[in-house]
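Worksheet: one structure, shown below.
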Amino acid sequence: MTEGRNRTVDLPGVTLAYRESGPPGGPPLVLLHALGERAADWDTVLPGLAPAHHVYALDLRGHGDSARTAGYSLEAMRDDVLAFLDALGLARVDLAGHSMGGAVAYLLAQAVPERIDRLVLEEIPALHPRPATALPEDRDPDVHFDWAMVRAVRAQLDDPDPAWRAGLAGITARTLVVAGGPASHVPQERIAELARLIPDCRLVTVEAGHLVHGARPAEFVAAVAPFLAR
């Protein structure tokens, strides 16, 4: 299979774009980006991850080259990823998510624990209610995401379903939580709480701020690749 091939798949209610790389026989690894990002955001760490895995980096709905839809939610994104696994015949995968993608990843690991082998959660906290996040008034129309998606997802992150936090105890995947340290805007004590609530979980801090894999790709790969190694 060609390295870095861009593809699309038609799923119930949405068409998702994704990038595929790595050896065809490698164990599958699915990567989920942060709010407002896209699959290409993982390019900095693909050289360190793809040689040992067959990697699928997704554009989640409302992002990148994936479809814009009438409605958005973290649950819909979770269901899209599950439908993606089914469509490609991926019975069990390793799964990594950054920030919003981490929330989607742990919701999927709660819903179908039998489908997730190893789970990597980068800079996503245990979610608690917080003051509403304001959107910029002068919004750039030339972005690769749907502003309606941003409004919907931020509203959920600001006022999360308590069941999401309670469900962390039901995750059976071996889990690595990657924190960015005090330079991150995410409360690090909430990331530590997430790590405590997931039964088989280890926490590592890379002093990089919120964008760990982008700012410190070598350190990110050094933490994650051995964790994912068979």
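Note that the structure is predicted; figures quoted are calculated from it, not measured.
Residues passing the side chain to side chain donor-acceptor pair (under 3.5 Å) test with Thr8, sequence neighbours excluded: none. Under the salt bridge (Lys or Arg N to Asp or Glu O under 4.0 Å) criterion, Asp59 pairs with no residue, sequence neighbours left out. Qualifying ring-ring contact (aromatic ring centres under 6.0 Å, His included) partners for Phe145, counting only residues two or more places apart in sequence or in other chains: Trp147. Residues satisfying the side chain to side chain contact (heavy atoms under 4.5 Å, CB included) criterion with Asp43, sequence neighbours excluded, are Arg19, Ala40, Leu46. Among residues two or more places apart in sequence or in another chain, the side chain to side chain contact (heavy atoms under 4.5 Å, CB included) test is passed with Ala87 by Val9, Leu11. Asp41 is linked by a side chain to side chain donor-acceptor pair (under 3.5 Å) to His213, counting only residues two or more places apart in sequence or in another chain. Judged as a side chain to side chain donor-acceptor pair (under 3.5 Å), and not counting sequence neighbours, Glu37 has no contacts.
Within the structure, every pair that satisfies the salt bridge (charged side-chain N to carboxylate O under 4.0 Å, His left out) test and touches residues 142-166, not counting sequence neighbours, is listed here: Arg130-Asp158. Within the structure, side chain to side chain donor-acceptor pair (under 3.5 Å) contacts touching residues 167-185 (residues at least two apart or in different chains) are Glu123-Ser184. Contacts classified as side chain to side chain donor-acceptor pair (under 3.5 Å) and involving residues 83-101 (residues at least two apart or in different chains) are given here: His53-Asp94, Asp86-Arg115, Asp94-Arg230, Ser99-His210. Counting only residues at least two apart or on different chains, no salt bridge (charged side-chain N to carboxylate O under 4.0 Å, His left out) pair has a member in residues 216-229.
The main-chain N or O of Pro27 is never found under 3.5 Å from a side-chain atom of His54 such that the two would form a donor-acceptor pair. In this structure, Glu122 contributes its side chain and Gly102 its backbone to no donor-acceptor pair below 3.5 Å.
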Using a 3.5 Å cut-off and no angle test, enumerate the donor-acceptor pairs between side-chain atoms of residues 191-205 and protein atoms at least two apart in sequence or in another chain.
| residue | atom | partner | partner atom | Å |
| --- | --- | --- | --- | --- |
| Glu193 | OE1 | His128 | NE2 | 2.9 |
| Glu193 | OE1 | Arg190 | NH1 | 3.4 |
| Glu193 | OE2 | His128 | NE2 | 3.2 |

